[in-house]
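Letters A, B, ... mirror the listed sequences (proteins, then strands); counts begin at 1.
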Amino acid sequence: MKFAIEWLRTWVDIPDSVVELTKQLTQIGFEVENVIDEKIIDLAIPPNRGDCLSIMGIARELAVLNRVPLKPVTIPEISAKTTNSIAVNLQAKECSKYLARTFKQVNVHAKTPVWLEQRLIAAGINCISAVVDITNYVMLELGQPMHAFALSAIANEIVVRPAKQQESLVLLDNTKIFLQAEDLVIADQSKVLALAGVMGGLASSITEDSQDILLECANFSAINIRATARRHNLASESSFRFARTVDPQLAELALARATALLQEITAAQPGPIITALHSKEQLPVVTIMLRKARIAKILTIAPDELLIVDILTRLGMVCETVATGWQVTVPSYRTDLTLEIDLIEEIARFIGYDNIPAVMPTANLQFKPHAENIISELQVKTCLQYRGYNEVITYSFIAPELAELFVAKAEQLILTNPISADLAVMRPTLWPSLLQVVQYNKSRQCDSLRIFELGLKFKLDEQQQLQQTKVIAGLAMGKAQPEHWDLKSKDYDFFDLKGDIEALAKLAGNCGFSYKARQQQALHPGKSAAIYKGEQHIGYLGELHPKLLKTLAINEPILVFEIDFAALTCGKINKFCCISKFPGIRRDLAIIVEQQIVVCDLVAAVTAVAGNLLQDIVIFDLYCGKGIEHGKKSVGLGIILQHPSRTMVEEEITQVMGDIIKQLKLQFNAILR
Amino acid sequence: MQELTTILKQALTAINSAKDEVTLETIRVAYLGKKGQITKVLKDIGNLPIAQRPTAGVAVNQVKQQIFAAILQRKAYLAEIMVEQKIATEQLDISLPAKSVNMGTLHPVTKVFTRLLQFFTGLGFDIAYGPEIEDEYHNFAALNIPSYHPARDAHDTFYFANKTLLRTHTSPVQIRAMQQQQPPLRIIAPGRVYRCDSDLTHTPMFHQLEGFMVGEDLSFASLKAIITNLLQVFFEKQLAIRFRPSYFPFTEPSAEVDMQCVSCDGVGCRVCKNTGWLEILGCGMIHPKVLENCNIDSEVYTGFAFGFGVDRFAMLRYGINDLRILFENDIKFLEQF
């Protein structure tokens with residue numbers, strides 16, 4: 001809220017120094033956003049302090065802080081000069097009070113006085129005409145929005161009612177809105193005149209020819225006005241104030257003020273005050289029990305009791321002393337005070353938060369249980385970091401076209417109000433986000449990249465249930481090592497990636513991952529694998545499908561992986577196994593088999609034959625080409641045998657090797673090379 | 001035994017001028033081998049009168065030992081020379097680039113989170129995580145932010161068709177923790193949050209750290225101490241800290257906290273818009289309604305809560321001048337950490 005400092009000075013004695021004033025306002029909770037030329041101040045008013053959206057409201061607060069009274073500002077009651085009246089019919093509970101007053105022979109061409117103009121301009125409000133300027137002035141000064149209608153435009157009576165379906169209204173700014181049943185309108189016998197509390201209609205606004213006006217000074221429900229303004233995407237100084245609650249007791253004062261100004265500036269002749277109340281009942285008075293002990297507990301200080309009463313009284317409360325503290329009656333304009341703790345905050349505000357000490361809390365010592373088999377996020381991230389990956393953090397939402405390349409539309413989670421069209425779908429995997437990092441960096445002279453991210457992926461499962469799963473995902477492209485004077489240049493490939501996955505498996509307590517073929521729409525079917533931990537499918541790794549890369553105009557292979565974080569980080573606690581004291585013996589075999597035989601089957605066969613004599617198998621060679629029959633390959637197996645409790649003898653070794661070769665021949669048609 | 005002395009002299013001369021092991025071996029054979037000179041002399045002892053044999057034998061053996069020792073010594077010496085010669089030819093240009101440094105980086109936001117988590121776990125805080133897609137109850141209602149409340153304007157929220165939403169703060173994690181555990185509690189909740197806001201200083205997704213304590217003896221003074229201490233240890237500086245009244249629906253009293261600008265030490269600069277202060281976080285005593293919503297007796301227990309943007313902390317800590325850089329993931333940026 002912006003306003004001229006000199007205006008504030010007419011309501012309360014404040015420090016001469018703007019710096020000092022700024023400090024004071026900050027101390028009591030009004031953030032000073034800007035000071036212009038030492039003359040205009042712009043404050044951030046907390047949303048629960050509707051009572052401070054006016055000069056009077058701010059003045060009240062400063063008066064309490066400085067322990068001074070408000071300056072005497074006289075607002076005379078002006079009696080009617082005409083009998084000109086109009087019926088007001090309240091038909092909605094959202095309007096608790098409606099005051100109206102007619103004004104005849106209004107000089108609409110009167111010039112708004114300079115002092116008034118300047119104060120409006122300082123507040124950032126345009127000067128329009130004397131009548132409108134006066135209503136805006138009073139709104140700024142006291143916090144009560146008002147509206148002036150051309151009396152000639154009103155047919156017979158004012159009706160405050162809910163809008164009917166199909167009704168419409170052309171607003172002051174010439175836009176047309178279509179009303180709904182939840183909208184509150186000011187209407188006459190036959191038509192809608194204004195959207196209550198928000199904006200007036202064009203047809204009933206003051207024109208050059210207007211002579212008689214009707215001034216509305218009413219109170220509308222905060223909830224209703226806020227919803228209505230939102231619904232029609234409108235915002236006005238009036239709706240802003242009503243949405244934050246206007247004190248119903250303000251209306252009479254504001255009307256008196258406006259009457260005086262209209263009379264003075266436009267020579268208007270006021271009619272009688274018409275008062276319509278929704279209910280004859282008085283608004284309930286709020287009384288709160290404030291305990292001394294509670295103040296001391298929350299603030300750890302025990303302020304002087306006289307000081308407490310002084311502060312509260314200056315704030316408009318009535319304090320009745322009781323044994324444990326006070327019964328405090330809250331003024332009607334402080335709708336933000338309903339609980340004891342609210343009063344304690346008031347006391348703290350005016351004593352000054354700086355005057356409350358800082359004391360570290362104490363607690364009993366306690367060891368925090370920590371499961372040894374659970375691996376932390378930091379450990380996983382560090383493992384990848386030490387393998388040369390850079391961590392990235394990307395948005396969780398992606399473009400729909402990108403999402404479709406990875407998951408079916410039916411499983412997508414779509415935002416109803418995305419910030420932009422290409423951030424409208426929650427990512428079903430982290431790969432599309434990582435690809436965007438690739439594209440960003442590729443267009444900036446970067447041709448090799450290894451990145452990872454830990455984040456959630458979002459999907460709807462078959463039962464349309466939301467799944468938000470934490471995953472660790474990575475992407476690699478380009479050279480495995482930066483250009484080097486002694487290392488041969490090599491592109492990052494599937495088996496480099498597999499190495500990173502195996503490292504993670506080792507970190508997770510030697511999990512033992514296995515890899516199987518499994519369809520994944522985004523991956524190259526021949527160069528990808530599903531990752532398993534035992535029977536559990538936990539992720540994927542591999543090259544992205546060439547078709548997908550083509551769609552994204554990427555012309556080199558991209559390797560990716562994604563693993564369920566929970567599965568990865570649930571490891572085992574190590575269990576010692578005896579080490580054999582006896583040497584292992586290695587025998588190498590080179591066999592020729594069909595191309596499609598997979599190494600893990602060969603290993604399985606050797607393991608089956610050698611049993612617990614097999615200490616290790618090394619795949620030391622893989623060859624096809626010159627010298628090998630077309631459609632076949634040569635596999636070099638280094639077989640290391642070891643007996644747990646003695647050194648093996650030559651005959652035993654020969655026997656085992658012989659059995660192995662026999663089995664390989666039998667099962668795979670293997671030929672010794 | 002004139003002969004013996006001469007042989008020894010010859011042998012030693014030969015040994016001491018031998019230039020390699022092969023030569024030495026030849027010399028050994030020549031003197032100590034089956035047909036070697038000393039061996040011959042030893043044999044000739046048999047032709048001496050018996051009385052002279054022991055003395056002669058001793059003398060010959062002595063010479064034999066001397067020659068043998070000399071050979072060993074020379075061998076060792078030559079070996080040493082060879083090593084030194086080898087070393088002299090093996091001169092590397094040690095300034096050449098290393099191989100396989102392979103040291104990647106963690107994102108600066110992760111580094112800040114890690115640092116913050118260290119401070120809090122050091123005080124015995126638990127770390128809690130929660131879902132990013134939340135329901136209105138946990139994100140707003142339980143926190144005393146009803147549907148019509150003006151504070152909802154500040155949270156421009158991302159919604160899904162079924163009325164679930166992307167959490168706008170990590171406070172829902174606080175609610176979930178309080179629903180599941182009884183006081184005393186001290187918990188921090190880090191994570192990604194989302195708001196429909198995008199400009200120079202706002203991104204639609206950012207990171208928050210919320211923390212809270214609930215217990216029997218907690219006060220505004222406890223809150224002030226925790227916050228002041230946290231900022232000073234995090235930034236490793238005795239920064240001036242200022243608390244001023246504010247409003248949050250879920251805390252009362254509420255405060256916004258400013259800290260002395262780390263860029264200019266409070267003198268005034270572009271970063272702090274010449275005020276010398278940086279608005280750094282929001283906090284307050286947990287509103288009794290929030291405690292009651294979680295079945296915690298607000299007469300017996302009080303609590304405080306605080307929350308701040310971690311990306312902003314990272315920017316202040318590392319001197320990053322544009323929030324959006326954090327999410328562009330330019331490798332030239334990431335490599336700086």
Side-chain angles (χ1 to χ4, degrees), chain A residues 26-29 46-48 223 226-227 243-244 297-300 339 341-342 344-345 348-349 353 356-361 363 366 368 378 381 384-396 413 415-417 419 423 437 440-441 444 446 449-450 456 458 466 468 481 484-487, chain B residues 96-97 99-100 102-107 109-110 114 121 124 126 131-133 148 150-151 158-161 164 184 186 192 196 198 204-205 213 215 217-222 224-226 228-229 242-247 252-256 285 287-288 302 326-331 334-335:
Chain A
T26 305
Q27 189 209 314
I28 51 175
N48 64 333
I223 298 171
R226 188 166 173 275
R244 280 157 174 72
K297 186 174 163 81
I298 300 292
L299 302 181
T300 69
L339 300 172
I341 191 73
D342 299 326
I344 296 177
E345 185 186 61
R349 264 199 318 136
Y353 279 10
I356 298 171
V359 180
M360 275 304 247
Q366 206 177 36
K368 293 240 153 284
L378 187 63
K381 289 188 183 187
L384 290 171
Q385 178 198 359
Y386 288 5
R387 291 186 70 83
Y389 281 79
N390 298 106
E391 184 189 8
V392 300
I393 296 181
T394 59
Y395 290 153
S396 304
L413 222 58
L415 288 170
T416 58
N417 59 331
I419 192 104
L423 293 174
V437 176
Y440 184 94
N441 282 287
R444 283 164 178 78
C446 172
L449 210 57
R450 255 148 89 205
L456 298 188
F458 305 88
L466 167 66
Q468 23 186 347
Q481 292 284 350
H484 195 272
W485 54 270
D486 199 38
L487 290 172
Chain B
L96 283 169
K99 292 182 192 175
S100 308
N102 271 351
M103 187 56 145
T105 58
L106 293 179
H107 196 281
V109 167
T110 297
T114 306
T121 52
D126 286 318
E132 289 177 19
I133 297 182
Y148 53 79
F158 287 114
Y159 282 96
F160 297 96
T164 54
R186 42 190 195 278
R192 300 184 188 212
C196 204
S198 181
M205 181 192 90
M213 278 184 75
D217 292 304
L218 297 170
S219 66
F220 200 75
S222 329
K224 282 189 77 175
I226 290 277
T228 305
N229 214 254
R242 174 171 86 177
F243 289 77
R244 49 184 168 79
S246 183
Y247 168 72
E252 185 85 355
S254 305
E256 276 179 10
M285 302 297 291
H287 199 289
T302 51
L326 292 172
F327 302 105
E328 278 167 357
N329 298 295
D330 190 325
I331 208 75
L334 299 173
E335 278 288 314

(message) Between B/Pro184, B/Ala255, B/Pro131, B/Ser198, who has the most heavy-atom pairs with chain A when the cutoff is under 4.5 Å?
(response) B/Pro131
(request) Look only at the side chain of A/Glu391 and the backbone of A/Gln385, and say whether a donor-acceptor pair between them is shorter than 3.5 Å. (result) no
(message) Out of B/Glu252, B/Glu328, B/Met285, return the one with the most heavy atom pairs under 4.5 angstrom to chain A.
(response) B/Glu252
(message) So for B/Asn229, is it side chain, backbone, both, or neither that comes closer than 4.5 Å to the heavy atoms of chain A?
(response) side chain
(request) For A/Thr416 and B/Tyr159, indicate whether the former's side chain and the latter's backbone hold a donor-acceptor pair under 3.5 Å. (result) yes
(message) Quick check on the interface: out of B/Leu218, B/Thr164, B/Asp126, who has the most heavy-atom pairs with chain A under 4.5 Å?
(response) B/Asp126
(request) Flag the one option from B/Glu335, B/His287, B/Arg244 with the top tally of heavy-atom pairs under 4.5 Å to chain A. (result) B/Arg244
(request) Report the option among A/Leu378, A/Asp342, A/Leu299, A/Leu384 that has the most heavy-atom pairs separated by less than 4.5 Å from atoms of chain B. (result) A/Asp342
(request) Measure A/Leu466 against the heavy atoms of chain B and call it side chain, backbone, both or neither at under 4.5 Å. (result) side chain
(request) Could you tell me which of B/Ser254, B/Pro288, B/Ala161 has the largest number of non-hydrogen atom pairs under 4.5 Å with chain A? (result) B/Ser254
(message) Rounded to the nearest 0.5 Å, what separates atom CD1 in A/Ile419 from atom CE in B/Met205?
(response) 13.0 Å
(request) Go through the atoms of A/Tyr389 and report whether side chain, backbone, both or neither lie under 4.5 Å from a heavy atom of chain B. (result) backbone
(message) I'd like to know if the side chain of A/Asn441 reaches the main chain of B/Asn329, judged simply by a donor and an acceptor atom lying under 3.5 Å from each other, with no hydrogens or angles considered.
(response) yes
(request) Determine whether the side chains of A/Lys381 and B/Thr110 contain a donor N or O and an acceptor N or O closer than 3.5 Å. (result) yes
(request) Measure distances from B/Leu96 to the heavy atoms of chain A and classify the residue's part below 4.5 Å as side chain, backbone, both or neither. (result) both
(request) Name the region of A/Leu415, side chain, backbone, both or neither, that has any atom closer than 4.5 Å to a heavy atom of chain B. (result) both
(message) With a 4.5 Å cut-off on side-chain heavy atoms, are A/Phe458 and B/Glu132 touching?
(response) yes
(request) Please state whether the side chain, the backbone, both or neither of B/Ser100 comes within less than 4.5 Å of a heavy atom of chain A. (result) both
(message) Would you say that A/Met360 contacts B/Ser222 through its side chain, given a criterion of any heavy-atom pair below 4.5 Å between the two side chains?
(response) no
(request) Using atom types as modelled and distance alone, determine if a side-chain donor or acceptor of B/Lys224 lies under 3.5 Å from a backbone N or O of A/Tyr353. (result) yes
(request) Flag the one option from A/Val437, A/Thr394, A/Ile344 with the top tally of heavy-atom pairs under 4.5 Å to chain B. (result) A/Thr394
(request) Answer with side chain, backbone, both or neither: which region of A/Leu339 has an atom nearer than 4.5 Å to a non-hydrogen atom of chain B? (result) side chain
(request) Heavy atoms only, distances under 4.5 angstrom: which of A/Gln481, A/Glu345, A/Arg349 has the most pairs with chain B? Name it, please. (result) A/Glu345
(message) So, using salt bridge (charged side-chain N to carboxylate O under 4.0 Å, His left out) as the criterion, who are the partners of B/Lys99 when residues are at least two apart?
(response) A/Asp486
(message) Once side chain to side chain donor-acceptor pair (under 3.5 Å) is applied, do any residues pair with A/Gln27, and if so which ones, sequence neighbours excluded?
(response) none
(request) Can you measure from CD1 (B/Ile133) to CZ (B/Phe158) and round to the nearest 0.5 angstrom? (result) 12.0 Å
(request) Tell me, out of A/Ala227, A/Pro361, A/Pro46, who's got the most heavy-atom pairs with chain B below 4.5 Å. (result) A/Pro361
(message) Could you check whether any side-chain N or O of B/Arg186 sits under 3.5 Å from a backbone N or O of A/Ala363, counting only pairs where one atom can act as donor and the other as acceptor?
(response) no
(message) Can you tell me which of A/Lys297, A/Gln366, A/His484 forms the most heavy-atom pairs within a distance under 4.5 Å of chain B?
(response) A/His484
(message) Between A/Arg387 and chain B, with a heavy-atom cut-off of 4.5 Å, which part of the residue counts as in contact: side chain, backbone, both or neither?
(response) backbone
(request) Please determine, among B/Gly104, B/Cys196, B/Pro245, the option with the most heavy-atom pairs under 4.5 Å with chain A. (result) B/Pro245
